[in-house]
Each structure stands twice: as structure tokens, then as C-alpha cells.
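What follows is one structure encoded as C-alpha cells, with my remarks underneath.
Not measured: the values here are computed from a predicted model.
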Amino acid sequence: MTLSMLAAEYPQFLDGFRMFGVVKETAVDDEGLANFQQNHFQFPLYRDESLSFYKAFGKRNLTVFGLLKLFTNFSMMRRMSKKAIEGNMVGEGIVQGGIIVF
């Protein structure tokens, strides 16, 4: 169960916490971002113009091996399909994010 699903099903689970998302870019795939927020992550999203969030995670990038693994990870594709999450190839797609719990 994802954190978003837990928050929707058990609101008391996040008592004392706030959930939000951080994106590094806008105006690249605003339609996909709006779709993601509306259908899969119904919490505030903020743009990190200075990339401080990403720098705090060590500016991690997908490697060539990571990209190959991504495209051959059938269990991940199956999970995305079950959740009706459609991927697209818009944006650079190399910078990795992470999760911070306050």
C-alpha cells in the first residue's frame, strides 16, 4: 500500500504530518503533471526552482543500466497498469527524487 493510499484510507495515519510533492520543472508536461495530481497524488505540489530538494538527495541521476532496468522491470509496469498510471516520455526523465518525512 502506498503512502497516498494510506493517507486516503486512514487519514489519522498522517496526524501531525503534512504530505506534499516537489517537482523540479513545470511547462514541460503540465497536462501529465495535472493528471498525476488529480488521479494519483491529491496533495499540494511545489516547484523547486533552485533544485534544493534534489541537491539534498545528492543530485541522483538514472544511469544507462538504470534505464535498461526500468524498461525491463515488468513487475513495476504491472503495478502501474493496475493503478492506471500511464507513463510518457515527456521531460528529461533522468533526475531521481526521493521521500522526506517531517
Side-chain angles (χ1 to χ4, degrees):
M1 182 173 281
T2 67
L3 193 53
S4 295
M5 292 166 63
L6 277 172
E9 195 167 331
Y10 306 101
Q12 72 279 7
F13 178 76
L14 291 176
D15 281 351
F17 295 93
R18 291 183 42 198
M19 188 179 312
F20 58 89
V22 178
V23 298
K24 64 179 180 54
E25 60 191 3
T26 56
V28 174
D29 184 21
D30 289 341
E31 183 180 338
L33 188 57
N35 179 305
F36 173 73
Q37 186 175 28
Q38 180 180 10
N39 297 314
H40 306 288
F41 189 83
Q42 297 169 349
F43 301 95
L45 290 176
Y46 299 96
R47 181 175 172 213
D48 180 11
E49 292 183 44
S50 65
L51 299 179
S52 300
F53 180 82
Y54 296 93
K55 290 174 187 171
F57 280 99
K59 294 170 62 174
R60 301 176 315 143
N61 292 321
L62 275 177
T63 62
V64 172
F65 177 72
L67 286 172
L68 289 173
K69 187 176 175 184
L70 182 68
F71 287 112
T72 59
N73 190 339
F74 297 109
S75 65
M76 182 190 66
M77 288 191 267
R78 196 174 18 244
R79 285 192 321 261
M80 287 178 63
S81 178
K82 279 183 178 180
K83 295 177 184 179
I85 298 174
E86 296 177 12
N88 66 29
M89 298 303 216
V90 179
E92 56 83 22
I94 300 294
V95 176
Q96 294 181 307
I99 297 173
I100 294 179
V101 177
F102 292 98

Q42 (side chain) donor-acceptor with Q38 (main chain) under 3.5 angstrom:
yes
Do Q37 and F43 come within less than 4.5 Å of each other through their side chains, counting heavy atoms only?
no
Atom pair CG/CG of L33 and L45 - distance to nearest 0.5 Å
5.5 Å
Could you state the interatomic distance from NZ (K59) to CG (L51), rounded to the nearest 0.5 Å?
8.0 Å
Quick one: which residue pairs count as a salt bridge (charged side-chain N to carboxylate O under 4.0 Å, His left out) with a foot in residues 37-49, not counting sequence neighbours?
none
Worked check of side chain to side chain contact (heavy atoms under 4.5 Å, CB included) between R60 and Y54:
CA-CA 8 Å; R60 301 176 315 143; Y54 296 93; over 6 Å; no
Parallel, tilted or perpendicular, judged at 30° and 60°: which one describes the rings of F20 and Y46?
perpendicular
Would you mind listing every salt bridge (charged side-chain N to carboxylate O under 4.0 Å, His left out) that reaches into residues 22-44, with sequence neighbours excluded?
K24-E92
Go through the structure and list residues passing side-chain hydrogen bond (donor to acceptor under 3.5 Å, both in side chains) with S52, not counting sequence neighbours.
S50
